[in-house]
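Since the model is a prediction, treat every value here as computed from it, not as a measurement. Because only heavy atoms are used, hydrogens play no part in the values below, and waters and symmetry mates are left out as well, while side chains stay in.
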Amino acid sequence: MKCDRCNKPAVVHQVIIKGDQHREIHLCAAHAKEAGVQNPGHPPSGFPQGKIKPGHHPGQVSRMPTCPACGTSFSRIRKDALFGCSKCYDTFGKGADIMIERSQGGATHHVGRGPCGSERDAARRFESRRLVEELEQAVRAEQYERAAELKAKLTELADHPRADGGNS
Amino acid sequence: MSEPSTDDITTSDSLCEDVVLSSRARLARNVAEVPFVHRCSTEQRRDIMARVLPALDTDTASEPTTWIDLESATSLQRRLLFEQHLISRQHADAKGPRAVAVSVDELLSVMVNEEDHVRMHAMAPGLQPGVCFERIRAFDTAIEPCVGWAFHERWGYQSACATNTGTGIRFSAMLHLPALRITRELEKVRQAAKDLHLAVRGYYGEGSESSGNFYQVSNQITLGCSEEELLDRFVNTIVPGIIEYERSARQVLLRRNRIAMEDRIDRDLAILCSAKLLKVDEAMRRLSSVRLGRCLDIVKTPSLQVINSLFQEIQAGHLQHAAGEKLSPEQSQAARAELVRSQIGHH
């Protein structure tokens, strides 16, 4: 596995867990020193503080989060650049999202065919969810004009679900 | 010079066969609720084969295929399939339960238990990725209800590798780019391809080197655009751009020193017509030169079809298959030279 900051092999691996979120840090010796990581068991200065788990070492039982369906850890997925199963996509949440988006030039959702010809349904559902999230944000920020616009778009999407060229 | 061949490159201009050897469309699919191949047990891999095989039945699939169990196939059979671009090198060399189903015309193949549970490919000569796409889409549509693919509401068709997620489709074209290599413009193509999220690979795809100045160009992005959008961009923007660049480079070479170019191509043809021993790299290189000469009308024969076929027939597996026995390296070189002479050596 490569260092997060350069292409050298990472020698320090840490998993930072905050609530249900986790973040992994992989650094080479030079960058670990620069970040103030002397002992893999202690958090480097400048990194978010939370519950720290030491990296996996030979002979040590891994405490990294693993997919309950296939048993693959996220560090293994990063190392191999391969998911273990379809459930990994949700199990590793933001980490998996970032991995996919990075390898897909920033694309954030599927557009195109779905199971048994459900053309573009996935895109419509995603768009609907995105609008709802944006609407909630607009309401929280008291941007009522923007909220009205988003609500109109949501209504339009619900009223004309097949206006996107779908065929099922 | 002997009589001109009957094939006229200009009549097949829409296929751009002067630059494009072949096109291909590939779909990556995985069976729902089963770990991806690299995390599967042997038993699970057998189960996948048992689920996919009935879906390829003639009553279900859009066209008949022949099922080949690669675990029990000979190394020569696997090598032939690889040389025909019907399976990847990885699939040919792997261990464990895996298979391939091949159509009657040997232009469609379905790899089972490669990096993904199922990878469907369709090929066609020249620039015809749309034809490949229609064929592979029909095949996928027919078998999907029988197998049930892993599909994520946000990410689309799920794949072991994030680079295949979404549509799972990859369009590719095998391009013959000798002039861009000679004029040292190939690096610019590589850089432009990178900026456009395209992969440039060798003659046998991922992990292979260029041979005979062939380069496989394919889309790297499979997410965020529909299959039709990806196809449209590939066939109407990306590939035509490279084709025009190669054609311009060919004209530059002719203008710069036509006589030197003719000399080089005629020499390569003469060697192919008389050599008694040919290594595969040398044969590929000289055939590439003759192909360029044929497309520029510097040589009138052999036909483009003959040259294109030779690129495959001179591979070690094909020679051994034709000979019906295992060949030593020297026997293989002699068989290759004899084959080339017999195909083009009458000039």
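- For B:Asn164, the part lying near chain A is the backbone, with the side chain staying farther off; criterion is any non-hydrogen pair under 4.5 Å.
- Side-chain atoms of A:Tyr89 and B:Gln158 include no donor-acceptor pair closer than 3.5 Å.
- Using a 4.5 Å cut-off between heavy atoms, B:Cys161 contacts chain A through both its backbone and its side chain.
- Here B:Thr165 is the residue among B:Val34, B:Thr165, B:Val37, B:Leu230 with the most heavy-atom pairs under 4.5 Å with chain A.
- With no hydrogens or angles considered, a side-chain donor-acceptor pair links A:Arg113 and B:Thr141 at under 3.5 Å.
- Partner of B:Ser109 under the side-chain contact (heavy atoms from CB on, under 4.5 Å) criterion, chosen from B:Thr65, B:Val100, B:Ile68: B:Val100.
- Remark: B:Phe171 engages B:Phe133 in a ring pair (Phe, Tyr, Trp, His ring centres under 6.0 Å) (not counting sequence neighbours).
- Checked by atom type, the side-chain pair B:Glu114/B:Ser88 shows a donor-acceptor distance below 3.5 Å.
- Neither the backbone nor the side chain of B:Trp149 comes within less than 4.5 Å of any heavy atom in chain A.
- Heavy-atom pairs under 4.5 Å with chain B peak, among A:Ser103, A:Ala107, A:Ser86, at A:Ser86.
- In this structure, chain A has a heavy atom under 4.5 Å from the side chain of B:Ala150, while its backbone stays farther away.
- Options B:Leu223, B:Ile221, B:Thr163 differ in how many heavy-atom pairs under 4.5 Å they form with chain A, and the most are formed by B:Leu223.
- For residues 24-44 of chain B, every residue pair satisfying the salt bridge (charged side-chain N to carboxylate O under 4.0 Å, His left out) rule, not counting sequence neighbours, is listed here: A:Lys87-B:Glu33, B:Arg29-B:Asp140.
- Contacts with chain A were tallied for B:Gly168, B:Gly148, B:Ser159; B:Ser159 has the most, counting heavy-atom pairs under 4.5 Å.
- In terms of heavy-atom pairs under 4.5 angstrom with chain B, the leader among A:Gly106, A:Gly71, A:Cys85, A:Ala69 is A:Cys85.
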